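Remarks on the structure that follows.
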Amino acid sequence: MRITKTALQTLRLEMVHPLKTARGTYGAREGFVVCVEDEEGRVGQGEAMPLEEFGTESPADCERALNESLAKLRQTTQSQTTSRQTTPLPLGEGWGEGLPTRTPAARHGVEQALLDLQAQRRNIPLSQLLSSESRSEIHVNALLGGQSPEALAEEARRAVAEGYETLKLKVAGRPLSEDVARLSAVREAVGRTIRLRVDANGAWTEEEARAALETLGRYELELCEQPVAPENHEALSRLSKHTPCPLAADESLALPHVTQHILNHAGTVGILVLKPMVLGGLLPTLALAREAARRGLDAYVTSSLDGVIARAGAAHLAAALPSGRYASGLGVGHLFKNEPGSHPFRPVRGRIQLPRTPGLGVN
């Protein structure tokens with residue numbers, strides 16, 4: 001395969017309403033779209049949406065790494081043209097060694113574009129390239145963005161009416177009494193059969209997390225994502241032994257030494273929350289999920305408030321995971337003003353049916 005053209009475009013996603021998390025409030029997301037074209041006119045697409053506070057590089061570093069990677073890709077292609085070589089993308093051991101490692105969002109964008117192109121060349125969906133045993137659909141949760149109990153309850157009712165079976169709320173960064181009122185309103189609005197998960201984004205201390213989870217646990221939580229600071233794996237381990245719901249590591253996975261500790265020490269958490277943009281691409285994320293499964297841990301995929309291209313890749317990845325037990329966090333398109341009106345990765349009744357077209361499936 002020869003890459004004949006590359007392109008880099010800026011991408012800005014405006015939020016319908018600012019989304020408040022314990023780590024900050026987001027009014028927009030900014031990043032880049034990567035395009036690579038082969039000698040037969042196929043175009044692979046990738047997305048790089050850096051988010052420093054979640055563990056990626058800065059937008060400036062991301063852009064610099066993308067330009068360097070694409071220049072290196074063009075240089076390699078020119079060398080192949082001169083020597084009349086046309087080599088396929090290596091997807092086995094050693095894959096991605098030439099891609100940036102300290103800039104995970106940039107690596108994600110370039111890798112995704114090349115994987116999209118490779119799947120198109122093989123005439124198979126990207127999920128099948130990642131795993132021959134991939135599933136045809138995935139379950140997704142609805143992320144509730146309302147702040148007041150009343151707004152959250154109304155949003156939750158709409159989500160359930162649309163077919164969602166799992167709802168997610170952001171907690172922490174406010175008095176516990178407010179989170180109690182918010183969660184209570186949602187549980188009352190949707191009943192006991194709907195799964196509720198919460199995400200603290202690492203904002204609680206260990207003592208705050210213990211008190212909060214004991215209190216919020218009365219609302220029958222499915223799980224809690226990242227209750228304490230990402231680096232505090234000792235607190236995660238202690239909390240896991242006493243909390244009323246399973247704990248999931250999210251931002252902790254941006255720290256390699258913490259990830260390794262979680263893998264090596266059973267009981268630190270039972271679930272990994274996989275953000276491909278933070279982990280440097282679909283293939284490193286899939287490798288982590290498989291290693292986690294071998295060690296008895298479950299995992300699910302979520303976005304870092306990404307655009308359609310990145311979420312499409314994440315959906316293919318979710319379908320290729322060893323387990324589909326937990327709903328993925330990919331139903332966030334409604335949060336953006338400029339979300340495309342129609343695309344195959346928009347959830348329908350809480351599910352994404354993966355397109356069977358070759359590659360990523362995004363036009």
Side-chain angles (χ1 to χ4, degrees), residues 31-36 43-51 54-57 62 65-66 69 73 88-101 103-122 124-136 138 140 250 253-254 256 259 272-293 299-324 328-330 344-345 352 354-355 357-362:
F32 307 91
V33 174
V34 177
C35 295
V36 295
V43 177
Q45 299 181 90
E47 187 179 307
M49 292 290 279
L51 193 60
F54 279 80
T56 77
E57 69 276 25
C62 181
L66 286 169
S69 294
L73 193 59
L89 287 175
L91 294 178
E93 187 175 354
W95 156 259
E97 288 180 354
L99 298 180
T101 56
T103 49
R107 190 192 188 286
H108 177 282
V110 176
E111 184 205 71
Q112 186 186 11
L114 293 173
L115 289 173
D116 181 17
L117 197 55
Q118 181 79 325
Q120 290 181 51
R121 290 175 67 88
R122 294 191 184 182
I124 57 174
L126 178 54
S127 59
Q128 287 288 309
L129 184 69
L130 297 174
S131 171
S132 60
E133 299 178 353
S134 63
R135 294 171 288 279
S136 61
I138 60 170
V140 298
D250 185 348
L253 303 184
T259 302
L272 304 186
V273 184
L274 306 174
K275 285 184 169 68
M277 194 69 66
V278 175
L279 297 174
L282 303 181
L283 294 179
T285 305
L286 181 59
L288 175 57
R290 287 172 172 168
E291 180 61 26
Y300 60 90
V301 176
T302 187
S303 83
S304 46
L305 296 177
D306 308 315
V308 173
I309 293 172
R311 297 198 317 267
H316 283 282
L317 171 66
L321 292 187
S323 168
S328 293
L330 301 175
F345 297 94
I352 294 175
L354 293 177
T357 52
L360 196 59
V362 175

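Scope of the values below: all heavy atoms of this structure, side chains included, with no hydrogens, waters or symmetry mates. As the structure is a computational prediction, the values presented were derived from the model and not from experiment.
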Answer yes or no: is there a donor N or O on one side and an acceptor on the other, between the side chain of R107 and the main chain of G280, under 3.5 Å?
yes
Side-chain contact, heavy-atom cut-off 4.5 Å: V278 with P276?
no
Expected output: side-chain T302 to main-chain K275 donor-acceptor under 3.5 Å
no
Is the distance between the ring centroids of F345 and H316 under 6.0 Å?
yes
Residue of the set L317, I352, V301, L321 for which side-chain contact (heavy atoms from CB on, under 4.5 Å) holds with S328:
V301
Treating R311 as the side-chain partner and S303 as the backbone partner, does any N or O pair qualify as donor plus acceptor under 3.5 Å?
no
Could you tell me whether the side chain of T103 reaches within less than 4.5 Å of the side chain of C62, counting heavy atoms only?
no
Closest heavy-atom pair, M277 versus A310, reported as atoms and distance to 0.1 Å, is CE-CB, 3.8 Å
Side-chain heavy atoms of L330 within contact of I138, under 4.5 Å:
yes
Ignoring hydrogens and angles, tell me if any N or O in the side chain of T259 forms a donor-acceptor pair with the backbone of L253 under 3.5 Å.
yes
What I'd like to find out is whether the side chain of P358 reaches to under 4.5 Å of the side chain of R121, using heavy atoms alone.
no
Any side-chain heavy-atom pair of V34 and E47 under 4.5 Å:
no
Under 3.5 Å: donor-acceptor pair, side chain of Q45, backbone of I309
no
Verify side-chain contact (heavy atoms from CB on, under 4.5 Å) between L282 and H108, making sure each step is shown before the conclusion.
CA-CA 7 Å; L282 303 181; H108 177 282; 4.3 Å; yes
Sub-4.5 Å side-chain heavy-atom contact between Y300 and L274
no
Considering only heavy atoms from C-beta outward, does the side chain of P125 approach that of T357 to under 4.5 Å?
no
Would V110 and S69 count as a side-chain contact (heavy atoms from CB on, under 4.5 Å) here? Give the steps.
CA-CA 8 Å; V110 176; S69 294; 4.0 Å; yes
Nearest heavy-atom pair of L66 and A106: which atoms, and what distance?
CD2-O, 3.5 Å
Which atom pair, heavy atoms only, marks the closest approach of L286 to A320?
CD1-O, 3.8 Å
For a quick check under 3.5 Å, do D116 and Q112 share a side-chain donor-acceptor pair by atom type?
no
Exercise: identify the closest heavy-atom pair between L51 and S304:
CD2-O, 4.0 Å
Just so I know, are the side chains of S131 and R290 near enough to count as touching, which here means a heavy-atom distance under 4.5 Å?
yes
Run the side-chain contact (heavy atoms from CB on, under 4.5 Å) test on L305 and M49 for me, step by step, so that the C-alpha distance in whole Å, both residues' side-chain angles and the decisive distance to 0.1 Å come before the verdict.
CA-CA 8 Å; L305 296 177; M49 292 290 279; over 6 Å; no
Residue pair L126 / G313: nearest heavy atoms and the distance that separates them:
CD2-CA, 4.4 Å
Compare every heavy atom of T56 with every heavy atom of A105, then report the nearest pair and how far apart it is.
CB-CB, 4.3 Å
Out of curiosity, L360 CG to L117 CG, how far, rounded to the nearest 0.5 Å?
11.5 Å
